Amino acid sequence: MQAYKRITMSIQTVLEAKVKEAILSIFKAELPSVEFQPTRKDFDGDITVVVFPMLRIVKGNPVQIGEQLGAFLKDEVAAVTDFNVVKGFLNLVLSDTFYIDFFKTICDSPDYGLVAESAHNAVMVEYSSPNTNKPLHLGHIRNNLLGYSVAEILKAAGKKVYKTQIINDRGIHICKSMLAWQRYGNGETPKSTGLKGDKLVGNYYVKFNSVYNSEIEALVAEGIERKVAEKEAPSLVEAQKMLLKWEAGDKEIVALWKEMNGWVYEGFNVTYKNMGVDFDKLYYESDTYLLGKDFVADGLQKGIFYKKEDGSVWIDLTEDGLDEKIVLRSDGTAVYMTQDIGTAIQRVKDYPDINGMVYTVGNEQDYHFKVLFLILKKLGFPWAEQLHHLSYGMVDLPSGKMKSREGTVVDADDLMVDMTATAKQISEELGKLDDYADSEKEELYKTIGLGALKYYILKVDPKKRILFNPEESVDFQGNTGPFIQYTFARIQSVKRNASDHGLNWKNSTEVEDLHKKEKELIKQLLIFPDTIHLAAENYSPAVIANYVYDLVKSFNSFYQQVPIFVDAEEEKKVFRIQLANKVGEVIESSFKLLGIQVPQRM
RNA sequence: GGUGGCAUAGCUCAGCUGGAUAGAGCACCUGCCUUCUAAGCAGGCGGUCCUAGGUUCGAAUCCUAGUGCCAUCACCA
């Protein structure tokens with residue numbers, strides 16, 4: 001692990017020092033810094049020194065300066081074998097030996113690029129956090145995949161990570177489902193109906209809303225104003241009463257609440273398992289919704305908050321460019337913000353080693369989190385500096401926003417089933433797996449189908465919204481999960497074939513020069529560790545997805561143009577298999593960061 | 001109205017802290033399976049980087065203004 005770092009770091013550092021030295025000796029001037037970039041494909045070279053910025057220090061023609069610099073570097077730096085100058089760009093050609101030496105340093109470490117965990121750098125990642133009155137849908141899928149993946153990426157960057165969610169298990173929404181079930185359920189249970197628990201409860205939520213809506217229409221027809229009707233419809237009033245009873249601890253209501261939530265959790269667990277996400281710790285809002293009040297009282301005393309005449313408590317954030325925000329109702333009950341303050345503090349108590357938190361929540365709550373983080377800072381918690389809202393765009397359908405109340409959602413379970421079915425159909429058409437057992441096939445279809453779905457969602461920048469068209473199925477060709485999985489499977493096939501050719505590719509090997517495609521691949525491998533850090537800094541799985549796609553494209557090009565088993569001497573064959581193997585390992589590591597599995601065959 | 005986000009090829013998206021002729025995939029068109037997996041490879045077609053100014057040797061990228069879409073601004077969560 002140290003070795004590759006030394007090499008990648010060293011070449012730029014060495015070059016930078018040498019460039020400065022050259023400018024000093026040729027032009028008697030001191031350069032503050034040197035700008036490097038990878039050489040573009042259409043030009044000859046590996047690394048490029050940009051001459052333009054030097055013109056501020058050194059007067060002259062950029063091409064001539066480049067020529068002089070190039071000659072100096074070629075003489076002084078062993079790894080530089082040649083150079084050329086185009087306009088103000090000095091392209092340096094690095095020796096094959098440089099790349100071969102680098103490859104040797106990473107060849108035997110299967111976890112290349114991943115940084116070992118350091119315990120005093122823990123972070124908590126919250127994601128999912130569903131309501132318990134309806135099943136998970138496509139929006140939750142994006143949330144779950146993002147949260148899970150970012151957690152994995154942070155781990156790979158050396159952090160200890162706790163994955164968590166806060167389950168929204170109380171409130172008027174669940175009362176609505178409970179009420180509808182009481183009235184129309186006839187004692188139905190997941191067992192009696194064969195439905196997943198979350199689906200069953202979700203159906204009653206929809207039922208509630210249809211009854212509620214017809215009540216509103218009836219009231220409006222009687223001449224009552226719509227806004228009033230919405231508040232006074234009998235079902236809603238009834239649900240609100242139920243919430244009060246729940247808060248008062250009414251035995252019957254609490255028992256029903258427990259039972260129905262239990263159904264939902266069973267259903268959720270099935271969905272999470274299929275999705276491949278997990279959690280280290282669960283928080284329930286019914287436990288935490290009273291937290292935070294003490295801190296409001298505390299803040300009130302410190303003068304961070306103030307009380308209005310009616311008794312409600314507020315914070316004035318106008319000096320920070322935001323508005324006033326309520327933190328406690330006039331009747332003394334908590335609002336969302338109160339809970340979130342309390343929950344954050346609770347988490348740090350539960351896990352004293354964390355010094356940061358990531359909240360995976362849609363961008364419609366940008367404002368809420370801005371305020372929350374600011375309040376925690378003002379309350380003086382040192383860890384408040386390390387909070388991050390992982391904000392992501394909505395997943396919209398061509399018809400607009402998904403609405404559970406109206407049933408216009410893409411259900412998470414259904415979607416995963418569909419993707420698996422598509423994978424099956426394509427696989428059967430290709431007919432490469434006829435010798436597989438049925439159970440192996442089913443497993444594989446799931447890997448591929450979910451791979452397609454996950455990659456499709458994770459490859460786009462989190463902050464951008466996604467338009468999902470259920471009519472046009474997710475692709476399996478081109479920049480897709482299956483394309484990358486296919487390449488992985490192909491590499492495994494190469495390794496299996498190696499033994500047929502009597503090659504022990506694990507032996508060490510010596511090669512002296514590289515094919516253009518081999519060099520390109522090693523270059524790609526070289527930037528994997530940086531890519532992980534970039535992804536971690538930006539909380540962006542898309543960075544990983546795009547990287548691994550580029551790597552795979554390079555590999556396929558290599559694969560089709562450079563024969564591995566034919567026509568080459570033994571040493572070369574072994575080297576190429578080792579190279580393929582390393583690419584396979586990096587694909588697997590990358591996909592693990594995205595929560596996607598890789599198949600041995602497909 | 002205030003605030004925040006987004007705007008790149010017909011469609012879906014890359015483009016790192018400003019750098020060379022703006023890149024991929026899908027779709028459409030051409031080639032490549034008697035040799036390692038063709039879910040692949042090689043190539044073609046396709047762009048006023050929303051508009052207008054500005055900063056710079058250099059702007060898709062930074063600044064200002066405008067346009068469009070989305071979100072948000074509740075004693076809802």
Side-chain angles (χ1 to χ4, degrees), chain A residues 35 37 39-43 48 50-53 55-56 62 86-89 91 131 168 170-173 285 289 308 310-314 321-323 325-331 333-337 339-340 362-368 370 391 393-394 396 401 423 426-427 429-430 432 448 452 456 459-461 463-467 469 472 475-487 489-498 500-501 527 530-531 534 537-538 542-543 545-546 549-550 552-553 556-567 573 576-577 580 601-602:
Chain A
E35 194 174 327
Q37 55 182 272
T39 304
R40 291 181 70 115
K41 279 215 174 92
D42 340 297
F43 299 93
T48 296
V50 189
V51 181
F52 292 112
L55 298 179
R56 275 168 231 217
V86 182
K87 296 183 189 171
F89 299 94
N91 302 320
N131 290 351
N168 223 328
R170 52 144 240 132
I172 191 76
H173 51 269
E285 203 185 286
Y289 82 108
K308 290 195 175 173
D310 62 6
S312 58
V313 181
W314 296 71
L322 303 171
D323 291 322
K325 189 84 187 173
I326 188 162
V327 293
L328 203 63
R329 288 196 190 98
S330 53
D331 63 6
T333 56
V335 291
Y336 188 33
M337 190 62 74
Q339 294 176 43
D340 269 3
N363 64 10
E364 53 199 353
Q365 294 196 37
D366 284 356
Y367 184 74
H368 172 79
K370 226 182 242 180
S391 163
M394 296 290 104
D396 291 330
K401 216 178 166 177
I426 294 174
S427 265
E429 279 166 20
L430 293 169
K432 294 180 186 175
I448 297 170
Y456 175 83
K459 78 172 174 188
V460 333
D461 187 321
K463 64 175 181 263
K464 293 196 174 175
R465 71 183 202 119
I466 292 182
L467 186 72
N469 189 345
E472 302 167 17
D475 272 327
F476 282 67
Q477 276 165 7
N479 187 359
T480 67
F483 166 67
I484 294 164
Q485 289 173 323
Y486 176 75
T487 306
R490 183 183 246 178
I491 289 169
Q492 306 318 305
S493 169
V494 167
K495 282 155 63 178
R496 285 191 295 266
N497 288 330
D500 296 345
H501 284 78
I527 59 173
D530 291 343
T531 304
L534 191 64
E537 273 168 33
N538 294 313
V543 170
N546 288 313
Y549 174 61
D550 284 338
V552 160
K553 265 201 312 181
N556 281 325
S557 181
F558 158 80
Y559 177 84
Q560 308 254 354
Q561 285 182 40
V562 184
I564 294 179
F565 296 114
V566 194
D567 235 19
K573 287 186 207 172
R576 283 173 186 162
I577 298 165
R601 275 179 58 180
M602 70 185 273

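Chain letters run A, B, ... following the sequence lines, proteins first, then strands; residues in each count from 1. All figures in this text were calculated on a predicted structure; none of them were measured in a lab.
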Between P of B:rA59 and CZ of A:F52, the distance in whole Å: 12 Å

Can you tell me the Watson-Crick or wobble partner of B:rC62, both distances under 3.5 angstrom? B:rG54

First locate atom CD1 of A:I484, then atom NZ of A:K553, and finally report the distance between them rounded to the nearest 0.5 Å. 10.5 Å

B:rA39 OP1/OP2 closer than 4.0 Å to side-chain N/O of A:R490: no

Please round to the nearest 0.5 Å and tell me the distance separating atom NE2 of A:H368 and atom CE of A:M337. 4.5 Å

First locate atom CG of A:N479, then atom OH of A:Y549, and finally report the distance between them rounded to the nearest 0.5 Å. 4.5 Å

Between P of B:rU37 and CD of A:E429, the distance in whole Å: 22 Å

Just the rounded figure in Å: distance from C1' of B:rA77 to CD of A:E285. 7 Å

Given the P atoms of B:rA9 and B:rC73, what is the spacing between them in whole Å? 32 Å

From the set B:rG19, B:rU37, B:rA20, return the single nucleotide nearest to any side-chain atom of A:T39. B:rA20

Please tell me which of the listed nucleotides, B:rA77, B:rA39, B:rA38, lies nearest to the side chain of A:Y559? B:rA38

For B:rA60 and B:rU48, measure between their C1' atoms and round to the nearest Å. 13 Å

Point-to-point distance, once rounded to the nearest 0.5 Å, from OG1 of A:T39 to CG of A:N91: 4.5 Å

From CD of A:E35 over to C1' of B:rG19, roughly how many Å is that when rounded to an integer? 7 Å

Any side-chain to backbone donor/acceptor pair from A:R601 onto A:K432? Under 3.5 Å, distance only. yes

Grab the NZ-C1' distance between A:K325 and B:rG2 for me, whole Å please. 15 Å

So, for A:T333 and A:L328, which heavy atoms are closest and what is the spacing to 0.1 Å? O-CD1, 3.4 Å

So does A:R329 get a side-chain nitrogen or oxygen closer than 4.0 Å to the phosphate oxygens (OP1/OP2) of B:rC76? yes

Is there a Watson-Crick or G-U wobble partner for B:rC49 with both distances under 3.5 Å, and which nucleotide is it? none

Please report the distance separating the P of B:rG23 from the corresponding atom of B:rC45, rounded so that it comes out in whole Å. 13 Å

Taking the C1' atom in each of B:rG19 and B:rC62, what is the distance between them to the nearest angstrom? 14 Å

When you measure from the side chain of A:S493 to the backbone N and O of A:A489, does any donor-acceptor pair fall under 3.5 Å? no

Calculate the interatomic distance between A:D475 atom CG and B:rG25 atom P; express it in whole Å. 12 Å

Is the base of B:rC33 syn or anti, where syn means the angle lies within 90° of 0? syn

Suppose you measure atom C1' in B:rU72 against the same atom in B:rC11; what distance do you get, rounded to whole Å? 30 Å

Interatomic distance, OH@A:Y486 vs CD1@A:I448, rounded to 0.5 Å, equals 11.5 Å

When rounded to the nearest Å, what value does the distance between C1' atoms of B:rU12 and B:rC6 take? 16 Å

For A:P62, report the nucleic acid contact type (base, sugar-phosphate, nothing); a contact means any heavy atom under 4.0 Å. nothing

Return the value, rounded to whole Å, for the distance between atom CG of A:N168 and atom C1' of B:rC76. 11 Å

Is it the case that B:rA39 (base atoms only) and A:S427 (side chain only) share a donor and an acceptor within less than 3.5 Å, ignoring hydrogens and angles? yes

Between A:Q560 (CD) and B:rU37 (C1'), how many Å, whole number? 10 Å

Which of these nucleotides, B:rA71, B:rA20, B:rA39, is closest to any side-chain atom of A:K87? B:rA20

Checking N1-N3 plus N6-O4 or O6-N4 for Watson-Crick, or N1-O2 and O6-N3 for wobble, each under 3.5 Å, the partner of B:rA38 is none

Distance between the C1' atoms of B:rG18 and B:rC13, in whole angstroms? 22 Å

State which of B:rA77, B:rC26, B:rC36 makes the closest approach to the side chain of A:F565. B:rC36

Please answer whether the main-chain N or O of A:P563 pairs with a side-chain N or O of A:R576 as donor and acceptor at a distance below 3.5 Å. yes

OP1 or OP2 of B:rA39 less than 4.0 angstrom from a side-chain nitrogen or oxygen of A:Y486, does that happen here? yes

Using Watson-Crick geometry (N1-N3 plus N6-O4 or O6-N4) or G-U wobble (N1-O2, O6-N3), each under 3.5 Å, B:rG4 is paired with B:rC70

Same-atom distance (P) from B:rU8 to B:rC16, integer angstrom: 16 Å

In the structure shown, which nucleotide is the Watson-Crick or G-U wobble counterpart of B:rU17, with both distances under 3.5 Å? none

Check the geometry between A:F483 and B:rG40 and answer yes if their rings are stacked (centres below 5.5 Å, planes below 30°), otherwise no. no

Look at the side chain of A:T487 against the base of B:rA39 and say whether a donor-acceptor pair falls under 3.5 Å; ignore hydrogens and angles. no

Any-strand Watson-Crick or G-U partner of B:rC28, both distances under 3.5 Å: B:rG44

Measure from the side-chain heavy atoms of A:F43 and tell me the nearest of B:rG40, B:rA20, B:rC36. B:rA20

Candidate nucleotides B:rG19, B:rC41, B:rC36, ranked by approach to the side chain of A:V50 - the nearest: B:rG19

Taking 4.0 Å as the cut-off, does a side-chain nitrogen or oxygen of A:K495 come that near to OP1 or OP2 on B:rC36? no

Mind checking the CZ-CD spacing from A:R170 to A:E285? Nearest 0.5 Å is all I need. 5.0 Å

Ignoring backbone atoms, test whether A:R496 places a side-chain nitrogen or oxygen under 4.0 Å from the OP1 or OP2 oxygen of B:rU37. no

Below the 4.0 Å mark, does B:rA42 have OP1 or OP2 next to a side-chain nitrogen or oxygen of A:S557? yes

Under 3.5 Å donor-acceptor pair, A:N91 side-chain atoms to B:rA20 base atoms: yes

Can you tell which of B:rA77, B:rA39, B:rC36 lies closest to the side chain of A:V335? B:rA77

Reading nucleotides 4-17 of chain B from 5' to 3' and marking B where a protein heavy atom lies under 4.0 Å of the base, S where only the sugar-phosphate is that close, and - otherwise, the string is S-SS-----SS---

